[in-house]
Engineer: 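For reference, the structure I am asking about is given below.
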Amino acid sequence: GGVGSQRLSDNIKLGKMGKVDWILNFELTGKGGSRFFIGNYEGVLNQHIVNLFNCPVIQTPFNDASIFVRNGICSTVINPVPAITDGRSSHVKWHDGTPLDFSILYNCHSMADSLDTIDVGDMQEFVEQVVVKILE
């Protein structure tokens, strides 16, 4: 319910965490590789990620980034999602037109969210091709 992100926000504002420029909130499906979306939050972090990847920006439900932004800390949520490969459509597409499979998001924070649903190769691709570039 945001208790941890509120506590972290308080500590950041009190200077207990050193200099914090922004917080990237990972909501991981364990699939999707280098395809992902970010939340619709204004700030340098979102602009940086959009400039790097031309990724979809989506109005997201409550998440920890919401708490950080409410507390004046630049933040966004990022979530890798796989491509749809079975002919279904999606209103959200990767910059190359590939439809993204948002049905996987129902696994997050549910009993279906388990280690056996993770694609290790996709997670490695996400870290190496997305996260590393954001941090450079």
Engineer: Do any N or O atoms from the side chain of K13 and from the backbone of N71 form a donor-acceptor pair under 3.5 angstrom?
Structural biologist: yes
Engineer: Run the side-chain contact (heavy atoms from CB on, under 4.5 Å) test against E136 and tell me which residues pass, sequence neighbours left out.
Structural biologist: V132, K133
Engineer: Is it true that atom NE2 of H95 has more than 12 heavy atoms of other residues, nucleotides or ligands lying nearer than 6.0 Å?
Structural biologist: yes
Engineer: Could you work out, with salt bridge (Lys or Arg N to Asp or Glu O under 4.0 Å) as the rule, every residue matching D116, not counting sequence neighbours?
Structural biologist: none
Engineer: Under 4.5 Å between any side-chain heavy atoms of L105 and F37, yes or no?
Structural biologist: yes
Engineer: Nearest 0.5 Å please: distance from the CD1 atom of I58 over to the CD1 atom of I38.
Structural biologist: 9.5 Å
Engineer: Which residues satisfy the side chain to side chain donor-acceptor pair (under 3.5 Å) test with T76, sequence neighbours excluded?
Structural biologist: N46
Engineer: State which residues pass salt bridge (Lys or Arg N to Asp or Glu O under 4.0 Å) with K16; sequence neighbours excluded, sorted by chain then number.
Structural biologist: none
Engineer: Test: side-chain hydrogen bond (donor to acceptor under 3.5 Å, both in side chains). Region: residues 18-28. Which pairs qualify, not counting sequence neighbours?
Structural biologist: K19-D21, N25-N63, E27-H109
Engineer: How would you list, by chain and number, every residue that makes a side chain to side chain donor-acceptor pair (under 3.5 Å) with R70, sequence neighbours excluded?
Structural biologist: Q6
Engineer: Is P80 close to L28 at the side-chain level, that is, under 4.5 Å between some pair of heavy atoms?
Structural biologist: yes
Engineer: Taking C-beta and beyond as the side chain, do L24 and L45 meet within less than 4.5 Å on heavy atoms?
Structural biologist: yes
Engineer: Can you list the residues that meet the salt bridge (Lys or Arg N to Asp or Glu O under 4.0 Å) rule with D101, with sequence neighbours excluded?
Structural biologist: R88
Engineer: I need the minimum non-hydrogen distance between P61 and S66, along with the two atoms involved.
Structural biologist: O-OG, 4.4 Å
Engineer: Taking atom CG as the centre, does L115 end up with more than 12 heavy-atom neighbours from other residues, nucleotides or ligands that are less than 6.0 angstrom away?
Structural biologist: no
Engineer: Are F26 and V131 side-chain neighbours, meaning at least one heavy-atom pair lies under 4.5 Å?
Structural biologist: yes
Engineer: Who else is in the cluster with I67 when I, L, V, M, F, W and Y are joined by side-chain contacts under 4.5 Å?
Structural biologist: F62
Engineer: When clusters are formed from ILVMFWY side-chain contacts under 4.5 Å, directly or step by step, what else is grouped with L8?
Structural biologist: I12, M17, V20, I23, F68, I73
Engineer: Does R35 reach the side chain of L100, with side-chain heavy atoms less than 4.5 Å apart?
Structural biologist: yes
Engineer: After noting the C-alpha distance and the side-chain angles of S90 and F102, does the key distance pass the side chain to side chain contact (heavy atoms under 4.5 Å, CB included) rule?
Structural biologist: CA-CA 8 Å; S90 172; F102 276 69; 4.3 Å; yes
Engineer: Is there a side-chain contact between I49 and I134 in this structure, where contact means two heavy atoms from C-beta onward sitting under 4.5 Å apart?
Structural biologist: yes
Engineer: Taking ring pair (Phe, Tyr, Trp, His ring centres under 6.0 Å) as the test, write out the residues that go with F53, two or more places apart.
Structural biologist: F36
Engineer: Cut-off 3.5 Å, no hydrogens considered: what does the side-chain donor-acceptor table look like for residues 118-126, sequence neighbours left out?
Structural biologist:
residue: D119; atom: OD1; partner: G121; partner atom: N; Å: 2.9
residue: D119; atom: OD1; partner: D122; partner atom: N; Å: 2.9
residue: D122; atom: OD2; partner: G32; partner atom: N; Å: 2.8
residue: Q124; atom: NE2; partner: E128; partner atom: OE2; Å: 2.9
residue: E125; atom: OE2; partner: S34; partner atom: N; Å: 2.8
residue: E125; atom: OE2; partner: S34; partner atom: OG; Å: 2.9

